Amino acid sequence: MPHPLLSVEDVSKSYDGFKAITNLTFYLFEGELRTVIGPNGAGKSTFFDLITGRAKPDKGKLDFGTDPSKSHDLTELNEYEINRLGIGRKFQTPSVYTEHSVWDNLVLSLKGPRGVFASLFHRLNSTDRDRLDEILKTVRLDAKRDWKAGLLAHGEKQWLEIGMLLAQEPKVLLVDEPAAGMTDDETDRTGELLLSLAGKHSLIVIEHDMAFVKQIARNGQVTVLHQGTVLCEGKFDEVQSDPKVREVYLGRGKHGTR
Ligand code: ADP
Ligand code: MG
């Protein structure tokens, strides 16, 4: 068994006495696409807050790196430092620069301490240009590279934002409910996109839509969070037929079908 890329061990986090995360243990392996599901308020977004340094755990370990002798203790780093290590997060609502073109949005996301002006007026080297061209194709926006981002459809904005994450060359992508508000067709394409990123990147995708979870989970692991801790983990079919899961989540019907 290889060493995990991300190790979360016995982590807890309370807000004013309310336990948002309780003794959570979770391992992500390199190249994996992990799906995290759970009812509203289960602690899914808080879990991302802890990984990205937006919130600090009250206790527990968060380590990043496949080489144990060189791994990084995320509890000691701030949000910026964690991002620079290669952990990128996509929030639920897209936040693209609406007045800039699709292409410029990607340029603005490149790694490096450039200001907006320098980014847009400094000539890109050919390596960066080729890489951004490749990203545009990956997120299927090459035909709309000159469009103002504000004019894109909701789904396209989400893809652009995934492209902006990719421009930073992250090792890990944390994606929070990407299919929310999407049409069925956009949801399908988003699933394909995320599946195409696995292997080269490692991903944790939080999702509610069970049809979408089924699509992206394929042979991968699904983690079910409930009341801030792991209720169950396994293949999609195992998780779906687990009586505990059915009771707290799938059995409610609301999220059981699309
Ligand atoms: P999910 O994403 O699974 O729907 P969240 O992680 O957003 O759940 O929230 C889990 C619980 O933790 C909720 O009850 C929420 O109100 C609480 N919580 C999360 N972040 C904060 C915060 N910054 N301050 C206070 N309470 C919070
Ligand atoms: Mg959430």
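Ligands are counted one by one from 1 in listed order, and the atoms in each one are counted from 1 as well. Index from 1, following the sequence. What you see is a predicted model, and the numbers here were worked out from it, not measured in a lab.
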Compare every heavy atom of Leu165 with every heavy atom of Pro170, then report the nearest pair and how far apart it is.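 In this case the closest contact between Pro170 and Leu165 is CD-O, 3.1 Å.
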
Which heavy atom of Leu166 sits nearest a heavy atom of Val139, and at what distance? CD1-CG1, 4.4 Å

Give the residue and atom name of whichever protein heavy atom lies nearest to [atom], and the separation in Å to one decimal.
atom                    : value
atom 8 (O) of ligand 1  : Gly43 N, 3.3 Å
atom 14 (O) of ligand 1 : Phe18 CE2, 3.3 Å
atom 20 (N) of ligand 1 : Tyr15 CE1, 3.4 Å
atom 19 (C) of ligand 1 : Thr46 OG1, 3.4 Å

Evaluate the ring planes of Tyr97 and His100, with Trp represented by its six-membered ring, and classify them as parallel (under 30°), tilted (30 to 60°) or perpendicular (over 60°). perpendicular

For the 3.5 Å polar cut-off, considering only N or O atoms, please tell me whether Ser45 and ligand 1 meet it. yes

Between ligand 1 and Ala20, is the shortest N or O to N or O distance under 3.5 Å? no

Taking atom types as modelled, is there a side-chain donor on Glu233 or Thr223 under 3.5 Å from an acceptor on the other?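 Yes.
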
Asn40 heavy atoms, cut-off 4.0 Å: which ligand 1 atoms fall inside? 4 (O)

Under-4.0 Å heavy-atom contact between protein and atom 16 (O) of ligand 1: no

Taking the cut-offs as 6.0 angstrom to the six-membered ring centre and 45 degrees off its axis, would you call Lys13 and Tyr15 a cation-pi pair?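 Yes - Lys13 lies over the ring of Tyr15, closer than 6.0 Å to its centre and within 45° of its axis.
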
Heavy atoms of other groups near Lys200 NZ, more than 12 under 6.0 Å: no

More than 12 heavy atoms of other residues, nucleotides or ligands under 6.0 Å from NZ of Lys61: yes or no? no

For atom 3 (O) of ligand 1, tell me which residue out of Lys19, Lys44, Lys13 has the closest non-hydrogen atom. Lys44

So, 2.8 Å as the limit: is an N/O/S atom of Asn40 located closer than that to the Mg ion (ligand 2)? no

Heavy-atom contact check, 4.0 Å cutoff: does Gly41 meet ligand 1?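 It does; at least one heavy atom falls under 4.0 Å.
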
Is there a path from Leu108 to Leu106 through hydrophobic residues (I, L, V, M, F, W, Y) whose side chains come within less than 4.5 Å of each other? yes

